[in-house]
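Atoms considered below: every heavy atom in the structure, side chains included; atoms not considered: hydrogens, waters and symmetry mates.
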Amino acid sequence: MKWDLQSSPKPTITTLLQPFFKSPQTPIQPSSYAAVFQSFTGKTLFKQGQQLHAHSLLRGLRPTAFLAAKMVAMYASSGDIPSATRIFYSTPNPTPLLFNSIIRAFSLYKFSEETLNVFAQMHSLSFRGDYFTYPFVLKSVADLYFIHFGRCVHGLSVKDWLVFDVYIGTSLIDMYVKNGEWAMPVESKEVFDEMPQKNIVSWTSMISGYAQNGFASDALQLFDEMCTKDSEVKPNWVTIMSVLPACGISSALHRGKKIHNYARERGLDSHPSVQTALVGMYAKCGSLADAKWCFERMKPNLRNLVAWNTMITAYASHGLGMEAVQTFESMIQFGVHPDGITFTGLLSGCSHSGLVDIGLRYFDSMNSIYSVEKKHEHYACVVDLLGRAGRLVEAYDIISSMPMHAGASVWGSLLAAGRCYRNLEISELAARKLFILEPENSGNFVILSNMYAEAGMWEEVNYLRDLLKLQRVKKNPGCSWIEINGKAHLFLGGDASHEQTKEIYLLLEELPEKMKAVGYVPDTSFALHDVSEEEKEYSLSTHSEKLAIAFGLLNTSPGTVLRVTKNLRICGDCHTAIKFISKIYEREIVVRDVNRFHHFKDGSCSCGDYW
DNA sequence: ATAGGGTTAG
């Protein structure tokens with residue numbers, strides 16, 4: 001059966017089926033089967049495809065590899081991978097086409113190990129992969145985090161001269177992105193740089209890869225290159241959506257606004273995903289007002305689950321628990337069904353605002369009303385919710401009642417609570433678990449050590465310090481940064497490398513007097529070492545957040561809001577000091593620490609000292 | 001037939 005593709009339109013199924021209505025004795029050509037299988041590919045015609053398969057078996061058809069490939073594709077399109085597999089393995093002389101179709105099937109339905117198996121088999125038969133093989137194989141590699149296998153595949157693609165293909169190159173970038181970690185910028189960028197032709201997808205993959213792995217400045221730099229260079233590739237809405245999180249990571253509000261403008265001018269800001277990314281960016285950059293504005297500007301029917309989640313999480317991180325709750329309720333009103341992320345946001349919102357009973361009620365309703373599975377992170381939120389409120393025993397009971405193993409985030413919440421309420425017993429218990437669960441996290445050592453120091457237990461402090469040395473844990477140095485005129489200025493604790501160091505320290509030296517005049521008593525319990533009171537006071541005054549704020553005070557006009565970001569949790573003494581600074585200098589100061597935002601104004605903080 | 005995506009507790 002033949003038709004002329006050029007002159008006649010696509011044949012109808014009735015035409016294709018004609019050979020099958022002839023007498024049973026008339027042989028049917030495999031090509032006829034192939035044509036029909038191909039047109040039955042797709043979910044709606046799956047039943048008919050199955051019948052045809054049965055028909056062919058009754059007729060004693062021995063499928064050629066070509067026909068098998070069509071059948072594999074047909075079964076794959078309806079998700080029947082077992083049948084596709086059976087056909088593949090029962091075909092005696094597989095061809096590259098058949099390999100490609102089964103690889104595609106396995107890869108799309110996340111039978112990732114099978115994909116790699118078949119790829120290996122393919123090579124053992126001396127078939128080389130082609131432009132349609134590699135993207136699927138690389139996706140499976142990425143799904144499995146088999147980075148070593150991935151590097152081999154990369155090597156093969158180089159050997160076979162396929163690495164210059166845009167699709168394969170982009171798949172390689174994405175594979176290194178998904179396997180992420182510290183090597184990603186090198187490995188992905190190498191592929192990217194050597195691609196002879198890059199299209200919008202390659203650029204966007206690279207940018208979003210940087211952003212996803214926390215390399216914010218690289219993402220922003222590449223985005224700039226894309227905008228300014230007279231290359232023919234320009235950002236589209238996916239690029240915008242991918243680069244915005246990089247602004248969020250680095251609290252680059254100016255950059256974020258610039259990108260927002262760029263998108264608006266080119267009409268790239270109308271897609272709901274871009275708008276959601278904008279909400280998230282503004283929230284992470286400390287401008288909740290802008291985030292709210294973007295969210296409310298979204299058409300209500302375009303607000304999907306992710307958009308609602310973003311807004312709920314935004315309120316939660318800014319300590320507005322009640323608003324998070326209200327947003328959650330309107331989401332339900334709008335008929336959007338919550339998921340696990342909704343509840344992490346909601347519960348952490350309740351936690352930051354001390355809405356303990358409301359939070360507990362939502363936690364209980366997760367399964368019963370919303371049929372959302374309670375996962376480990378939700379238990380972590382509830383432990384935090386109870387712990388922050390000082391209900392340490394109940395928090396511990398929750399941990400005991402968990403259906404899964406309690407991990408680092410759960411014990412971490414309990415440790416933070418124990419520290420907050422100076423409960424050495426609970427803290428030791430949690431810390432002991434954490435030393436095993438995440439021995440590389442210096443924060444746990446520091447917290448417990450501080451508590452020992454506070455209680456005057458210097459032997460234990462020394463013991464911990466030795467333990468730290470023994471395990472070669474590197475202390476995570478605290479740093480803070482502030483954006484002035486679109487440029488970020490970074491400070492380490494006790495930093496003296498900045499060109500304005502003199503002025504900064506001068507300002508900080510005057511501070512204690514000014515603060516004491518309005519009733520400030522330094523709390524030295526946050527200093528780690530066994531040193532004199534005076535020395536402690538000094539080391540506190542040079543915490544990085546204070547340096548950044550002093551720098552901000554010096555370099556902005558009166559009344560400007562200061563936005564500072566810190567890589568660790570803000571220290572209690574600094575928290576107190578910043579409250580005074582906001583009063584003395586009449587400034588609104590927004591500090592983002594690892595956990596949440598603090599809005600300081602008029603001598604008090606939005607967290608109500610509940611953090 | 002192939003490649004990129006916004007939201008996750010402390």
Assign [X] to base, sugar-phosphate, or nothing according to its heavy-atom contacts below 4.0 angstrom with the strands shown.
X: A:Lys284; result: sugar-phosphate
X: A:Asp174; result: sugar-phosphate
X: A:His376; result: nothing
X: A:Asp130; result: nothing
X: A:Phe136; result: sugar-phosphate
X: A:Ser273; result: base
X: A:Ser409; result: base
X: A:Leu278; result: nothing
X: A:Arg388; result: sugar-phosphate
X: A:Trp237; result: base

Looking only at side-chain atoms of [X], point me to the closest of [options].
X: A:Thr170; options: B:dA3, B:dT8, B:dG5; value: B:dA3
X: A:Ala416; options: B:dG10, B:dA9, B:dG5; value: B:dG10
X: A:Ala277; options: B:dG10, B:dT2, B:dG6; value: B:dG6
X: A:Val306; options: B:dG6, B:dG4, B:dA9; value: B:dG6
X: A:Met241; options: B:dG4, B:dA3, B:dG6; value: B:dG6
X: A:Phe132; options: B:dA1, B:dT7, B:dA3; value: B:dA1
X: A:Thr310; options: B:dT7, B:dG6, B:dA9; value: B:dT7
X: A:Tyr167; options: B:dT2, B:dG10, B:dA1; value: B:dT2

Report yes if a side-chain nitrogen or oxygen of [X] is closer than 4.0 Å to either non-bridging phosphate oxygen (OP1 or OP2) of [N]; otherwise report no.
X: A:Gln212; N: B:dG5; value: yes
X: A:His378; N: B:dT8; value: no
X: A:Lys178; N: B:dA3; value: no
X: A:Arg419; N: B:dG10; value: no

Closest contact, heavy atoms only, [X] versus [Y]:
X: A:Val383; Y: A:Val410; answer: CG1-O, 3.8 Å
X: A:Pro338; Y: A:Leu305; answer: CA-CD1, 4.0 Å
X: A:Ala324; Y: A:Ala316; answer: CB-N, 4.4 Å

Donor-acceptor pair under 3.5 Å, [X] side chain vs [N] base:
X: A:Asn199; N: B:dA3; value: yes
X: A:Ser413; N: B:dG10; value: no
X: A:Asn444; N: B:dG10; value: no
X: A:Thr276; N: B:dG6; value: yes

What's the [atom1]-[atom2] distance between [X] and [N], to the nearest Å?
X: A:Leu138; N: B:dA1; atom1: CG; atom2: P; answer: 21 Å
X: A:Gln197; N: B:dA3; atom1: CD; atom2: C1'; answer: 13 Å
X: A:Lys139; N: B:dG4; atom1: NZ; atom2: P; answer: 4 Å
X: A:Ile249; N: B:dG6; atom1: CD1; atom2: C1'; answer: 13 Å
X: A:Asp339; N: B:dA9; atom1: CG; atom2: C1'; answer: 13 Å
X: A:Asn304; N: B:dG6; atom1: CG; atom2: C1'; answer: 9 Å
X: A:Lys234; N: B:dG4; atom1: NZ; atom2: C1'; answer: 18 Å
X: A:Phe328; N: B:dT7; atom1: CZ; atom2: C1'; answer: 15 Å

request  = Check A:Tyr167, A:Trp161, A:Phe119 against A:Tyr134 for a ring-ring contact (aromatic ring centres under 6.0 Å, His included) and give me the one that passes.
outcome  =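 By the ring-ring contact (aromatic ring centres under 6.0 Å, His included) criterion, A:Tyr134 pairs with just one of A:Tyr167, A:Trp161, A:Phe119: A:Phe119.
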query = When you look at CD of A:Glu428, are more than 12 heavy atoms from neighbouring residues, nucleotides or ligands closer to it than 6.0 Å?
reply = yes
query = Would you call the rings of A:Tyr379 and A:Phe363 parallel, tilted or perpendicular, where under 30° means parallel and over 60° means perpendicular?
reply =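 It falls in the perpendicular class, over 60°.
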task = Compute whether any side-chain donor of one residue and acceptor of the other, for A:Ser171 and A:Asp174, lie under 3.5 angstrom apart.
result =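 No, because no side-chain N or O of A:Ser171 sits under 3.5 Å from a partner of the opposite role on A:Asp174.
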request  = For A:Asp143 and A:Ser140, test the side chains for any donor-to-acceptor distance below 3.5 angstrom and give the result as yes or no.
outcome  = no
